[in-house]
Protein chains: 2
Amino acid sequence: MPNLPISNRIRELRAQHGEMTQQELGRLVGVTRQTVNAIELGKYSPSLEVAFRIACVFKQPLEAVFHYEPGP
Amino acid sequence: MPNLPISNRIRELRAQHGEMTQQELGRLVGVTRQTVNAIELGKYSPSLEVAFRIACVFKQPLEAVFHYEPGP
DNA sequence: AGATAATGTCAAATATTTTTTACATATCGA
DNA sequence: TCGATATGTAAAAAATATTTGACATTATCT
């Protein structure tokens, strides 16, 4: 399951938002800190809804947070 | 699970792409036609990766295919 | 040193997505 | 009318995402 073709800027965006913690982001999004951690580290593909909610917290379009890099 | 805050334009985009069938879209995306049908009808939130692959088939940004409409 | 907070990880349980198989309906041509 | 195709649906199984509880490490602060 690892090695997703999707990267993200969650860590960077958390830093830009007052050093927001994974726990705080999880609280705002409605998931646990472990889930935030796993998504941030690219351990699996989140649901589209969770992805949208994360982007929403940072007031960014989804594609400014998650990038799709399809393999060859 | 139903009643997602996410809508999509898959049916419209299939029509614009030579009346592409759900089965053909599923084949191009790598999921079954039942999965395409369920996503198209908004029965559940697909994985972010499947959402990206669908947008990719239509050569559209993800947010041109799926729209997030958060509740109040 | 001790306490606290943040992060990474893990295993087991739960929830959700996706597949598989199957059936029903509707439409379109031959 | 018959056969083929497209779509909607459903139930069970499989795969994947998410939660829960726990423990370790690192950094920071007093």
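These numbers come from the heavy atoms of this one structure, side chains and all, not from hydrogens, waters or symmetry mates. Residue numbers begin at 1 in each chain, while the letters A, B, ... track the order of the sequences.
- Which of C:dT9, D:dT7, D:dT18 sits closest to the side chain of B:N37 comes down to D:dT7.
- When the P atom of D:dT16 is taken as reference, atom NZ of A:K43 falls 16 Å away, rounded to whole Å.
- Atom CD1 of B:I39 is separated from atom C1' of D:dT16 by 14 Å (rounded to the nearest Å).
- Taking atom CZ of A:R11 as the reference point, atom C1' of C:dG8 lies 9 Å away to the nearest angstrom.
- Each of A:R33 and B:E19 was assigned the nucleotide of DNA chain D with the nearest heavy atom; the assignment lying further toward the 5' end belongs to B:E19.
- As rounded to whole Å, 14 Å separates atom P of D:dT16 from atom CD1 of A:I6.
- For the pair B:S45/B:I6, a side-chain contact is recorded, criterion being any heavy-atom separation below 4.5 Å from C-beta on.
- With rounding to whole Å, A:E40 atom CD is found 7 Å from C:dT7 atom P.
- In this structure, A:E24 atom CD and C:dA6 atom C1' are separated by 13 Å, rounded to whole Å.
- Protein atom OH of A:Y44 is 12 Å distant from nucleotide atom C1' of C:dA15, rounded to whole Å.
- Residue contacts for B:S47: at a heavy-atom cut-off of 4.0 Å it reaches the sugar-phosphate backbone alone, with no base atom in range.
- Comparing C:dT18, D:dG8, C:dT17 by their nearest atom to the side chain of B:Q22 picks out D:dG8.
- Under the 3.5 Å distance criterion, the side-chain polar atoms of B:R53 are matched with a main-chain donor or acceptor of B:V29.
- Within the 4.0 angstrom heavy-atom criterion, only backbone atoms of the sugar-phosphate kind lie near A:T21; the bases stay farther away.
- Closest approach to the A:R14 side chain among D:dT9, D:dT18, C:dT7 is made by C:dT7 (side chain taken as heavy atoms from C-beta onward).
- Distance from the side chain of B:Q34 is smallest for C:dA22 among the nucleotides C:dA22, C:dT7, D:dT19.
- Listed here is the closest heavy atom pair of A:I39 and A:P46: CD1-CB, 3.6 Å.
- Nucleic acid contact class of A:G26 (heavy atoms, under 4.0 Å, all strands): none.
- Using a 4.5 Å heavy-atom threshold, the side chains of A:F66 and A:S7 count as separate.
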Discussion item. For a salt bridge (Lys or Arg N to Asp or Glu O under 4.0 Å) check, start with the C-alpha distance between A:R14 and A:E40, then their side-chain angles and the critical distance, and finish with the verdict.
Written reply: CA-CA 10 Å; A:R14 284 196 299 110; A:E40 182 169 312; 2.9 Å; yes
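- The CD atom of B:E49 sits 17 Å away from the P atom of D:dA15 (whole-angstrom rounding).
- Using a 4.0 Å cut-off, no side-chain N or O of B:T35 falls inside it from OP1 or OP2 of C:dT18.
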